[in-house]
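Take a look at the structure below.
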Number of protein chains: 2
Amino acid sequence: MAAFLSERRQLILKLVVQEFVETATPVASDTLVRKYGLNFSSATVRNELAALEELGYLTHLHTSAGRVPTDIGYRYFVENLMDRLALSSAEQRMIRHQFYQVRGELDQWLQLAGAVLARTAQNASLVTPPRSDTLRFRSLELIAIHETMALAVLVFHGGTIKQQTLSFDSVRNGEDLRRIAARISDRCQDCTFTQIEELLTQAQTAPLDDFERLLYDLVVRAMRGYADQAAEQFYSDGLIEMLSQPEFIPALVREEDAVRAVERMRRTLELLKNGRALGPLIPQVLASDGVQVIIGGEHGEDAMREYSVVLARYGVDGSVTGVLGVIGPTRMAYPRSISTVRYISSVMSDLMSGLYGAEPRQPEE
Amino acid sequence: MAAFLSERRQLILKLVVQEFVETATPVASDTLVRKYGLNFSSATVRNELAALEELGYLTHLHTSAGRVPTDIGYRYFVENLMDRLALSSAEQRMIRHQFYQVRGELDQWLQLAGAVLARTAQNASLVTPPRSDTLRFRSLELIAIHETMALAVLVFHGGTIKQQTLSFDSVRNGEDLRRIAARISDRCQDCTFTQIEELLTQAQTAPLDDFERLLYDLVVRAMRGYADQAAEQFYSDGLIEMLSQPEFIPALVREEDAVRAVERMRRTLELLKNGRALGPLIPQVLASDGVQVIIGGEHGEDAMREYSVVLARYGVDGSVTGVLGVIGPTRMAYPRSISTVRYISSVMSDLMSGLYGAEPRQPEE
DNA sequence: ATTAGCACTCATACAACGAGAGTGCTAGCT
DNA sequence: AGCTAGCACTCTCGTTGTATGAGTGCTAAT
């Protein structure tokens with residue numbers, strides 16, 4: 001991958017990326033010299049820029065425009081040139097503090113993670129709920145709402161909860177419900193849904209009556225449904241932050257792009273909403289440790305060609321895992337995005353450990 | 001309000017609104033004559049248009065541009081001119097069918113209501129969860145997650161549920177938890193949070209120990225929190241639908257507006273997100289029956305000047321109520337939006353009746 | 001009261017132009 | 001050989017001027 005680049009070319013590439021990320025305008029040779037006090041002239045820089053362009057790291061919109069990094073350029077930057085700075089400890093403290101304040105509510109954690117990611121990276125964020133690939137039943141509780149209606153709460157290993165209201169024909173009192181729920185809870189302890197299905201075929205554990213059968217059905221369907229809707233559900237935040245990026249402000253962009261900015265925006269929203277932006281990447285992220293960066297066209301989807309995604313897994317190994325990250329224009333502050341994603345994922349992992357019962361690991365970095 | 005308008009002026013105003021809603025371009029006098037086969041000339045129409053403009057129902061962007069309805073024009077249309085058509089029974093069936101398929105899950109109902117509203121009205125939708133102004137406690141269940149951690153599920157009248165994980169110092173078994181939960185459930189039956197607070201000050205119902213005190217605290221805090229975050233939580237959908245309206249497609253709009261389309265869009269998103277678009281209207285909607293229409297500047301917020309909101313209350317009188325509706329450019333298909341909102345609100349009301357235990361009412365219209 | 005006819009206004013599209021930015025190249029310097 | 005100063009060249013962008021066409025507002029005739 002890493003074609004060899006002379007020290008100077010590396011420096012110049014790095015500066016181009018940083019400058020472009022900062023200003024969002026194509027960077028000119030003498031801007032580099034002036035702004036960073038390089039001890040060689042703009043003509044030299046021009047030669048190097050031309051070489052870097054030849055090698056595929058940079059492009060040119062037209063003759064008299066400055067240089068812009070290509071996907072390959074960004075990739076090289078992320079891989080080799082980037083300063084890997086962590087979030088300041090003040091920021092870390094602040095973030096931790098916020099999570100501490102909503103102690104105990106998974107939904108809120110997810111939402112908060114999304115909000116913090118968005119704010120810190122100034123881009124849109126995505127957070128999938130933590131999931132277990134083999135969901136195991138823990139217990140069922142039935143809470144009477146009135147005589148012929150109850151709330152079924154299914155608790156699974158790893159803290160996943162599903163709730164559903166349930167109506168039935170015959171009148172049942174609380175004690176009755178409790179007894180049946182306990183029976184089912186006991187029998188299905190630690191089972192996957194296929195195991196529960198097997199159980200049902202065995203004579204000695206056959207359901208007592210129609211009602212109990214109904215409940216088993218509910219459990220199996222819920223667990224099966226959980227497996228199906230794998231990557232379809234997720235939290236998203238930071239639309240506004242992303243849309244505040246210059247890419248989406250026509251006044252700052254070339255005329256023609258201005259007209260298409262909205263079109264692009266709409267398509268992006270669509271991608272975000274239906275999960276096509278994230279879905280295909282999830283297996284890849286789950287299968288690997290650390291932060292994954294997908295830059296522009298590296299993502300298969302054509303509509304994603306102008307966007308980058310920074311993702312990380314979080315959760316507890318072998319139990320529940322989710323994916324979180326940020327998405328934004330390829331012109332993204334990668335160091336900041338990456339360290340934010342890394343940090344939040346470690347915080348979330350700790351929280352999940354807590355939920356699942358393991359001791360929290362020491363916070364990373 | 002309704003200044004008298006001659007039959008013909010009413011007709012012309014109605015046609016202008018309909019035509020503008022349909023085409024999104026200012027409507028010219030002879031377009032009306034041609035398209036609707038009026039039996040008087042464009043010159044006559046021009047005179048009437050001028051009169052309607054004088055009266056405040058229409059405007060003009062510049063001399064040689066067609067007419068556009070003002071907020072007042074839309075208001076008159078909605079109040080007096082609109083054809084009040086209901087959704088076709090085929091559409092009604094289809095919608096009901098969808099709700100039927102997710103029987104039992106409140107969250108999904110809300111989400112579905114949002115999706116259907118958005119799709120049917122081709123605009124953004126908003127749905128607040130059903131709430132009771134005086135939340136009454138029904139029961140508390142504690143579900144062990146592991147030795148020092150449990151899931152607390154609080155059930156309130158009207159089907160509202162709140163869940164929270166809870167960790168504690170000493171080891172407690174399931175029986176222990178069940179006993180305490182039952183004790184609390186029993187004592188707080190049907191109480192509002194102020195009543196629970198009172199209970200706690202009375203000696204004979206004082207908590208047994210720190211753990212029970214912790215739980216009471218949790219309950220009271222949850223109920224209080226519920227009251228606080230009144231209008232801050234809601235589902236929203238249909239952004240894409242709204243952004244597909246011509247108002248947001250620069251190519252179709254005057255040059256200058258094109259540049260600001262995105263700016264406007266961003267501000268709109270912000271309004272939608274933080275609830276300022278909806279929040280101030282909720283009391284008004286809750287206090288009144290039927291569908292409320294707020295057109296453009298009638299909404300106090302300046303950023304809402306170009307948007308209209310169609311809202312209705314849903315739920316069960318005296319128990320739980322929520323608000324749902326659509327939001328979009330003032331150039332909105334009001335008849336369709338209104339009938340959609342009305343229908344969905346009646347469907348949701350029926351569902352809520354089911355949850356709360358009352359018999360479903362006969363479907364409206 | 002209605003309408004035909006026409007002058008007038010204004011937005012929009014298009015072309016021409018000048019200015020400025022930034023490159024690419026060449027020739028000279030170290 | 002590597003670097004740099006200088007300069008011609010290219011292309012965008014903002015401006016100006018002009019033609020066009022849509023649609024009104026008015027007036028005079030019916």
Side-chain angles (χ1 to χ4, degrees), chain A residues 5-9 11-12 15-16 19-20 23-55 57-69 246 249-260, chain B residues 5-9 11-12 15-16 19-20 23-55 57-69 246 249-260:
Chain A
L5 289 184
S6 74
E7 195 99 346
R8 193 168 68 184
R9 286 186 184 169
L11 173 64
I12 288 177
L15 293 180
V16 170
E19 180 69 11
F20 184 63
T23 65
T25 44
V27 353
S29 53
D30 69 311
T31 310
L32 288 181
V33 180
R34 259 189 297 105
K35 188 154 176 182
Y36 297 94
L38 301 183
N39 52 0
F40 33 86
S41 80
S42 68
T44 308
V45 174
R46 277 200 289 282
N47 288 332
E48 298 291 50
L49 289 176
L52 284 167
E53 179 160 359
E54 184 69 24
L55 293 167
Y57 297 103
L58 301 175
T59 356
H60 231 188
L61 302 184
H62 56 270
T63 7
S64 76
R67 291 316 201 292
V68 167
I249 302 177
L252 300 181
V253 199
R254 285 183 272 69
E255 176 75 21
E256 189 179 0
D257 273 62
V259 176
R260 294 193 193 164
Chain B
L5 288 184
S6 73
E7 195 99 343
R8 193 168 70 185
R9 285 185 185 168
L11 172 65
I12 288 177
L15 292 180
V16 170
E19 180 69 12
F20 183 63
T23 65
T25 45
V27 352
S29 53
D30 68 311
T31 310
L32 288 181
V33 178
R34 259 188 298 106
K35 190 156 176 179
Y36 297 96
L38 301 183
N39 54 359
F40 33 85
S41 79
S42 69
T44 308
V45 174
R46 277 202 290 284
N47 287 331
E48 298 291 50
L49 289 175
L52 284 165
E53 179 160 2
E54 183 69 25
L55 292 167
Y57 297 103
L58 300 174
T59 355
H60 232 184
L61 301 184
H62 55 271
T63 8
S64 76
R67 292 317 204 289
V68 167
I249 302 176
L252 300 181
V253 199
R254 285 182 271 72
E255 175 73 22
E256 187 180 359
D257 273 63
V259 176
R260 295 193 192 164

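Every chain is numbered from 1 and lettered A, B, ... according to where its sequence line falls, protein lines coming before strand lines.
Each of Val68(B), Thr59(B), Leu58(B) was evaluated against Pro26(B); a single residue qualifies, Val68(B), per the side chain to side chain contact (heavy atoms under 4.5 Å, CB included) test.
Residues satisfying the side-chain contact (heavy atoms from CB on, under 4.5 Å) test with Ser64(B), not counting sequence neighbours, are His62(B). When the side chain to side chain donor-acceptor pair (under 3.5 Å) test is applied to Thr63(B), no partner is found at least two apart in sequence or on another chain. Judged as a salt bridge (Lys or Arg N to Asp or Glu O under 4.0 Å), and not counting sequence neighbours, the contacts of Glu48(A) are Arg8(A), Arg9(A). Residues that satisfy the side chain to side chain donor-acceptor pair (under 3.5 Å) test with Ser42(B), not counting sequence neighbours, are Arg46(B).
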Nucleotide by nucleotide, nucleotides 20-26 of chain C touches protein heavy atoms under 4.0 Å in the pattern (B base, S sugar-phosphate only, - none) -BBBB--
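Remark: C1' of dT4(D) and CZ of Arg8(A) are 12 Å apart, rounded to the nearest angstrom. The CD-P distance, from Glu54(B) to dC26(D), rounds to 11 Å in whole Å. Atom pair Leu61(A):CG and dC11(D):P shows a separation of 13 Å (rounding to whole Å applied). In this entry the distance linking CD of Glu48(A) with P of dT4(D) reads 11 Å, nearest Å.
Residue Thr44(B) places none of its side-chain N or O atoms closer than 4.0 Å to OP1 or OP2 of dT2(C).
Among residues at least two apart or in separate chains, salt bridge (charged side-chain N to carboxylate O under 4.0 Å, His left out) pairs with a member in residues 23-32 of chain B are Asp30(B)-Arg34(B).
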